[in-house]
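Not measured: the values here are computed from a predicted model. Only heavy atoms go into these numbers, but all of them, side chains included; no hydrogens, no water, no symmetry mates. For reference, positions follow the sequence shown, starting with 1.
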Amino acid sequence: MSPEPEKVPVEVEGRSLVLTNLAKVLYPETGFTKGAVIDYYLRIAPVLLPHIAERPLTLKRYPDGVAGQHFYNKHAPEHRPDWVRTERLPAPGSTSGRDWVRYVIAGDLPTLIWTANLAGLELHTPMWRIPHVAEPDLLVFDLDPGAPATIVECCAVALWLRPLLAEAGFDAFAKTSGGKGLQLLAPLSGASSDAASAIARTIAEHLEREQPAAVVSRMTRSLRPGKVLVDWSQNNAHKTTIAPYSLRARARPTVSTPVTWDEVAGCERPEDLVFTSGDVLDRVAEQGDLLAPLTGAQPDPSAHPGS
């Protein structure tokens with residue numbers, strides 16, 4: 001057999017691009033290749049794209065795989081196809097020394113596949129969409145366990161948070177971070193990012209007062225062992241959160257996965273809520289997008305990944 005070519009020209013929805021090094025292993029523990037990463041994003045796109053559409057994209061790139069060096073890519077790469085959409089947006093406090101960033105806006109399949117070809121394993125986005133800069137359409141709580149706490153303890157905290165959010169008028173949905181934690185998302189409208197942060201902080205601090213042995217709302221490291229940090233600060237307009245259905249750069253190709261409240265309530269071991277790319281494609285084929293209400297989209301059964 002002849003070796004796999006290093007460069008493969010393809011056309012995606014009428015856009016031409018060149019895929020490279022498809023046989024390169026990016027997840028050494030499982031042998032998951034760059035080609036497999038691209039295939040996953042191609043198949044999950046029908047449910048992923050509505051969540052990142054019109055959101056500025058921060059890539060976390062791993063050109064030498066998850067065991068190698070990585071870097072965050074906020075600025076759109078200079079050598080990009082001319083059809084890749086970008087937006088110049090304010091970025092106060094940027095480490096680059098500029099007060100603006102030219103972001104990629106990856107709401108279409110060709111751009112998603114292009115970013116995957118850059119070994120952009122992880123997709124991070126803010127809680128707002130263009131043109132409503134700093135006006136979030138989502139409220140987020142990032143539940144981060146301090147060892148020896150795990151996602152099991154995060155699930156307990158999520159079950160305490162859910163009725164508090166309901167009392168405040170928010171319908172919460174859960175997803176794994178794809179790593180150690182759990183995240184709650186709720187639709188939001190008519191609020192600034194500062195207002196969203198204030199809402200989230202009030203709820204987090206309330207829960208900390210109710211459950212001081214299990215919950216902390218402050219980032220202070222010394223307070224966190226054995227507790228779950230309810231991180232309300234992710235609602236800041238300039239912060240990003242891992243997107244639903246994004247891969248994570250872990251030993252295995254785990255995914256930030258939407259889960260049901262029954263699954264949250266039934267979590268007894270950390271392994272209960274660990275899902276790899278193949279697991280997620282199967283789940284979506286069976287269940288559709290559990291977070292579809294957050295996008296306003298109605299799932300199309302004929303377009304489920306893996307079909």
Peer 1: Begin from the C-alpha positions of R55 and I130 and carry the test side chain to side chain contact (heavy atoms under 4.5 Å, CB included) through to its verdict.
Peer 2: CA-CA 6 Å; R55 300 190 195 275; I130 294 168; over 6 Å; no
Peer 1: Quick one about H124 and E122 (side-chain donor to acceptor, distance below 3.5 Å, no hydrogens or angles considered), yes or no?
Peer 2: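 E122 vs H124: donor-acceptor pair found between side chains.
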Peer 1: Please name the pair of heavy atoms, one in A23 and one in T33, separated by the smallest distance, quoted to 0.1 Å.
Peer 2: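 That closest heavy-atom pairing would be O-CG2, 3.7 Å.
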Peer 1: For P77 and W114, which heavy atoms make the closest approach, and how far apart are they?
Peer 2: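 For P77 versus W114, the nearest heavy atoms are CD-CH2, 3.8 Å.
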Peer 1: Identify the two heavy atoms, one from L273 and one from T176, that lie closest to each other, and give their separation to 0.1 Å.
Peer 2: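 Closest approach of L273 to T176: O-CG2, 3.4 Å.
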Peer 1: Give a yes or no answer on whether the side chain of K24 reaches the backbone of P63 with a donor-acceptor pair at less than 3.5 Å.
Peer 2: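 A pair under 3.5 Å: yes.
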Peer 1: Rounded to the nearest 0.5 Å, what separates atom CD in E87 from atom CH2 in W100?
Peer 2: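 That separation rounds to 12.5 Å.
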Peer 1: Ignoring hydrogens, what is the shortest heavy-atom contact between P293 and L290? Give both atom names and the distance.
Peer 2: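 Looking at all heavy atoms of both residues, the closest pair is CD-O, 3.8 Å.
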Peer 1: Would you say the side-chain atoms of S217 and E205 include a donor-acceptor pair closer than 3.5 Å?
Peer 2: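 Side-chain D/A pair, S217 to E205: absent.
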Peer 1: Just checking, R283 and F275: is the charged tip under 6.0 Å from the six-membered ring centre and within 45° of the axis?
Peer 2: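 Yes, R283 and F275 form such a contact.
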Peer 1: Using atom types as modelled and distance alone, determine if a side-chain donor or acceptor of S246 lies under 3.5 Å from a backbone N or O of A243.
Peer 2: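 Checked: no pair found.
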Peer 1: Do the side chains of D144 and R224 get close enough for a salt bridge, i.e. N-O under 4.0 angstrom?
Peer 2: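 So D144 pairs with R224 through a salt bridge.
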Peer 1: Could you tell me whether a side-chain N or O of D282 sits under 3.5 Å from a main-chain N or O of D279, the two making a donor and an acceptor?
Peer 2: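 Not confirmed, D282 side chain does not pair with D279 backbone.
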Peer 1: Using modelled atom types and a 3.5 Å cut-off, is there a donor and acceptor pairing between side-chain atoms of N117 and backbone atoms of T20?
Peer 2: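 Here the side-chain-to-backbone pair exists.
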Peer 1: Examine distances only and state if a side-chain atom of T240 and a backbone atom of T125 form a donor-acceptor pair shorter than 3.5 Å.
Peer 2: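 Checking the backbone N and O of T125 against the side chain of T240, no donor-acceptor pair under 3.5 Å is found.
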Peer 1: Using a strict cut-off of less than 4.0 Å between a Lys/Arg side-chain nitrogen and an Asp/Glu carboxylate oxygen, indicate whether E11 and R15 qualify as a salt bridge.
Peer 2: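 Between R15 and E11 there is no salt bridge, as every charged N stays at least 4.0 Å from the carboxylate O atoms.
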Peer 1: For atom CD of E268, is the number of surrounding heavy atoms from other residues, nucleotides or ligands below 6.0 Å larger than 12?
Peer 2: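 It does not: E268 CD has 12 such atoms or fewer within range.
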Peer 1: If you apply the rule side chain to side chain contact (heavy atoms under 4.5 Å, CB included), what do you find for L294 with F173, and how did you get there?
Peer 2: CA-CA 9 Å; L294 299 181; F173 296 79; 3.7 Å; yes
Peer 1: Give me the atom names and distance for the closest heavy-atom approach of S177 to Q183.
Peer 2: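 Scanning both residues, the minimum pair turns out to be CB-NE2, 3.9 Å.
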Peer 1: First locate atom CZ of F71, then atom CG of L59, and finally report the distance between them rounded to the nearest 0.5 Å.
Peer 2: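 Answer for the CZ-CG pair, F71 versus L59, is 8.5 Å.
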Peer 1: Do side-chain atoms of R129 reach the backbone of A53 as a donor and acceptor pair under 3.5 angstrom?
Peer 2: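 A pair under 3.5 Å: yes.
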Peer 1: Does T202 reach the side chain of I199, with side-chain heavy atoms less than 4.5 Å apart?
Peer 2: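 No, too far: nothing below the 4.5 Å cut-off.
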Peer 1: Given the rule that I, L, V, M, F, W and Y join up when any side-chain heavy atoms are under 4.5 Å apart, are I113 and I44 in one cluster?
Peer 2: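 Both belong to a single hydrophobic cluster.
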Peer 1: To the nearest 0.5 Å, what is the distance between CG (L182) and CG (L161)?
Peer 2: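 Taking CG in L182 and CG in L161, the distance rounds to 9.5 Å.
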Peer 1: Atom NE2 of H132 and atom OG of S192: how far apart are they, to the nearest 0.5 Å?
Peer 2: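 Result: 14.0 Å between the selected atoms.
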Peer 1: Whether the T150 and K180 side chains hold a donor-acceptor pair (N or O, under 3.5 Å, no angle test) is what I'd like checked.
Peer 2: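 Distance-only check fails for T150 and K180.
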Peer 1: Quick check against the 3.5 Å criterion: does T111 have a side-chain atom that pairs as donor or acceptor with the backbone of D108?
Peer 2: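 Pair absent, no side-chain N/O of T111 close to backbone of D108.
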Peer 1: Is there a path of hydrophobic side-chain contacts, each under 4.5 Å between heavy atoms of I/L/V/M/F/W/Y residues, joining L19 to L118?
Peer 2: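 Both belong to a single hydrophobic cluster.
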Peer 1: Mind checking whether L26 and Y72 sit in one hydrophobic cluster, side chains of I, L, V, M, F, W, Y counted as touching below 4.5 Å?
Peer 2: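 Different clusters.
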Peer 1: Judged by modelled atom types alone, do K239 and S193 share a side-chain donor-acceptor pair under 3.5 Å?
Peer 2: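 No - no donor-acceptor pair under 3.5 Å links their side chains.
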Peer 1: With distance as the sole criterion, is a donor-acceptor pair present between the side chains of K175 and T257 under 3.5 Å?
Peer 2: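 Absent: no donor and acceptor within the cut-off.
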Peer 1: Begin with the C-alpha distance, continue with both residues' side-chain angles, and end with the deciding distance and a verdict on side chain to side chain contact (heavy atoms under 4.5 Å, CB included) for V215 and W160.
Peer 2: CA-CA 10 Å; V215 174; W160 293 329; 4.1 Å; yes
Peer 1: Which heavy atom of P28 sits nearest a heavy atom of V66, and at what distance?
Peer 2: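 Nearest pair, atom of P28 first, then V66: CD-CG2, 3.8 Å.
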Peer 1: Answer with yes or no whether the side chains of S197 and D194 bring together a donor and an acceptor at under 3.5 Å.
Peer 2: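 Distance-only check fails for D194 and S197.
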Peer 1: Would you say L121 and Y27 make side-chain contact, with heavy atoms under 4.5 Å?
Peer 2: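 L121 reaches Y27 side chain to side chain.
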Peer 1: Would you check if there is a donor-acceptor pair between the side chains of H51 and D289 at a distance under 3.5 Å?
Peer 2: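 The criterion, which ignores hydrogens and geometry beyond distance, is satisfied for H51 and D289.
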Peer 1: Are side-chain heavy atoms of C154 and I151 found at a separation under 4.5 Å?
Peer 2: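 In short, these two side chains touch, coming nearer than 4.5 Å.
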Peer 1: Apply the test side-chain hydrogen bond (donor to acceptor under 3.5 Å, both in side chains) to residues S233 and D231: give CA-CA distance (whole Å), side-chain angles for both, the deciding distance (0.1 Å), then the verdict.
Peer 2: CA-CA 6 Å; S233 71; D231 186 359; 2.6 Å; yes
Peer 1: For side-chain hydrogen bond (donor to acceptor under 3.5 Å, both in side chains), just list the numbers for Q234 and T241, CA-CA rounded to whole Å, side-chain angles, deciding distance to a tenth of an Å, and then say yes or no.
Peer 2: CA-CA 7 Å; Q234 291 298 110; T241 298; 3.2 Å; yes
Peer 1: One pair to check against side chain to side chain contact (heavy atoms under 4.5 Å, CB included): Y103 and L57. What are the steps and the verdict?
Peer 2: CA-CA 6 Å; Y103 285 97; L57 184 67; 5.9 Å; no
Peer 1: Within the 4.5 Å heavy-atom criterion, are F170 and L164 side-chain neighbours or not?
Peer 2: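 In short, these two side chains do not touch, never coming nearer than 4.5 Å.
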Peer 1: Using the rule that two of Ile, Leu, Val, Met, Phe, Trp, Tyr join whenever any of their side-chain heavy atoms come within less than 4.5 Å, decide whether L185 and I242 are in one cluster.
Peer 2: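 The answer is no; the residues belong to distinct hydrophobic clusters.
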Peer 1: Would you check if V284 and Y245 make a side-chain contact, meaning some heavy-atom pair closer than 4.5 Å?
Peer 2: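 Side-chain contact under 4.5 Å: yes.
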Peer 1: With a 4.5 Å limit on heavy-atom distance, are the side chains of P136 and N235 in contact?
Peer 2: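 P136 vs N235: side chains apart.
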Peer 1: Is there a chain of hydrophobic side chains (I, L, V, M, F, W, Y, each step under 4.5 Å between heavy atoms) that links F141 to V152?
Peer 2: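 The answer is no; the residues belong to distinct hydrophobic clusters.
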Peer 1: Output the distance between atom CD (Q211) and atom NZ (K227), rounded to the nearest 0.5 Å.
Peer 2: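 Output value for this atom pair is 11.0 Å.
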Peer 1: With a 4.5 Å cut-off on side-chain heavy atoms, are T254 and V274 touching?
Peer 2: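 Sidechains of T254 and V274: in contact.
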Peer 1: Enter the distance from L17:CG to K7:NZ here, rounded to the nearest 0.5 Å.
Peer 2: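 Those atoms lie 13.0 Å apart.
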Peer 1: Does R252, at its CZ atom, have more than 12 non-hydrogen atoms belonging to other residues, nucleotides or ligands within less than 6.0 Å?
Peer 2: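 No, not enclosed.
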Peer 1: With a 4.5 Å cut-off on side-chain heavy atoms, are L247 and Y40 touching?
Peer 2: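 Y40 vs L247: side chains touch.
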